[in-house]
Enquirer: 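Handing you a structure now.
Numbers here are sequence positions counted from 1.
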Amino acid sequence: MNIHTEQHLAKPPLTIRLCGPRGFCAGVDRAIQIVVLALKAYGAPVYVRHEIVHNRYVVEGLEAKGAVFVEELDEIPPEHRNQPVVFSAHGVPKSVPADAQARNLFYLDATCPLVSKVHKQAMRHQRLGRHVILIGHAGHPEVIGTMGQLPEGSVSLVETVEDAEVYLPEDPDNLGFVTQTTLSVDDTAGVIAKLQERFPNLQAPAADSICYATTNRQDAVKEAAPGCDIFIVVGAPNSSNSKRLVEVALRAGAQRSLLVQRASELDWDEIGPISTLGISAGASAPEVIVDEIIGAFRERYDATVELAITAEETENFLVNRELRGVPLTREDMAFVNG
């Protein structure tokens, strides 16, 4: 082999900036654990109302273990009434557990504790006589769940600064706001500022609604993105926090930013010649897919991985009391954690 052929075969160098924190947050981890532990404790099938988290790979992995995903509770056959049904991490309207009780179903609520905190904040505003403004995205399961904590008509959804400019409440002096947990601080700041400018008596929630995991993942992306030829966010197209990470990467200085679910989606012609790649993952994206995507780049590039770590996450949310005695092994979670 002559020297020209060897040079031709040499892989081009690539620096991969790998963000930390990335991927599963404590709420997503807990929700997946609840389904896995319910399958161990009660056997298959375990029913799950809606996607447990916004990730197809996770859903299919749980289906392989015996989980059955349904859109509504009436899809659960009568002979399986004693099998558990799990409510997703995004939270559900109050009507859903009420419906489960009316049907004599055994349910396990996997709502993220930080989403539950927003529910309580909204209920507190209402208890204090305030109309609730929810800053969030229409149709998102978390927004549907939060609005469903209060009687119809007692929550108004505001999505954008433009919405905030034209919003006309019945009583401008008695308003309180909460936000969807998976929005970016940057996204909500403008909306909140416009609402505060128009309604000086607007009451903030007792604690910040945007979850620590959303903020942490965005901070790491802001740190890693400047100078990246491409920034890849591992996540699903219906994942709010993943889509925000794509936007944050572009705003922070990445040349291009892509949302990718699996390595098979990578279009190498579109990627073209690059020397610096950023990678992060949304809060419902499993680490095995991050590894898979890094592996795909290693096949084509002489890759060096640099860690861009801006915070250490130590949060751990306990699973439901009924499941705390069931052992959870590394093998049980290997389908997502590798």
Enquirer: Closer than 3.5 angstrom, by distance alone: can the side chain of D229 be matched with the main-chain N or O of T276 as a donor-acceptor pair?
Expert: yes
Enquirer: Between Q83 (side chain) and P45 (backbone), is there a donor-acceptor pair under 3.5 Å?
Expert: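 Side chain of Q83 to backbone of P45: a pair is present.
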Enquirer: Do R198 side-chain atoms and Y167 backbone N/O form a donor-acceptor pair below 3.5 Å?
Expert: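 Side chain of R198 to backbone of Y167, a donor-acceptor pair under 3.5 Å: yes, one is there.
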Enquirer: Just verifying a value: how many Å separate N55 CG and E60 CD, rounded to the nearest 0.5 Å?
Expert: 9.0 Å
Enquirer: Can you pull out every side-chain hydrogen bond (donor to acceptor under 3.5 Å, both in side chains) where at least one residue sits in residues 134-145? Sequence neighbours excluded, please.
Expert: H137-R244, E142-T181
Enquirer: Would a distance-only check, ignoring hydrogens and angles, find a side-chain to backbone donor-acceptor pair under 3.5 Å from N241 to A283?
Expert: yes
Enquirer: Going by side-chain contact (heavy atoms from CB on, under 4.5 Å), L175 matches just one of I133, N201, L195. Which one?
Expert: I133
Enquirer: Ignoring hydrogens and angles, tell me if any N or O in the side chain of H50 forms a donor-acceptor pair with the backbone of E71 under 3.5 Å.
Expert: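 Side chain of H50 to backbone of E71, a donor-acceptor pair under 3.5 Å: yes, one is there.
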Enquirer: Taking 4.0 angstrom as the limit, do E265 and R262 come out as a salt bridge?
Expert: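 A salt bridge is absent here (no side-chain N lies under 4.0 Å from a carboxylate O).
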Enquirer: Please determine whether a side-chain nitrogen of the Lys or Arg among K11 and E299 lies less than 4.0 Å from a carboxylate oxygen of the Asp or Glu.
Expert: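 Not counted as a salt bridge, because no side-chain N and carboxylate O are separated by less than 4.0 Å.
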Enquirer: Quick one: SG on C25 to CG on L114, what's the gap to the nearest 0.5 Å?
Expert: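 If we round to the nearest 0.5 Å, C25:SG and L114:CG are 8.0 Å apart.
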Enquirer: Can any side-chain N or O of S154 pair as donor or acceptor with the backbone N or O of P151 at less than 3.5 Å?
Expert: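 Answer holds: yes.
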Enquirer: Taking K40 for its side chain and P327 for its backbone only, find out whether a donor-acceptor pair lies under 3.5 Å.
Expert: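 Yes: the side chain of K40 pairs with the backbone of P327.
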Enquirer: When you check the gap from the basic side-chain N to the acidic O, do E287 and R22 get nearer than 4.0 Å?
Expert: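 A salt bridge links E287 with R22.
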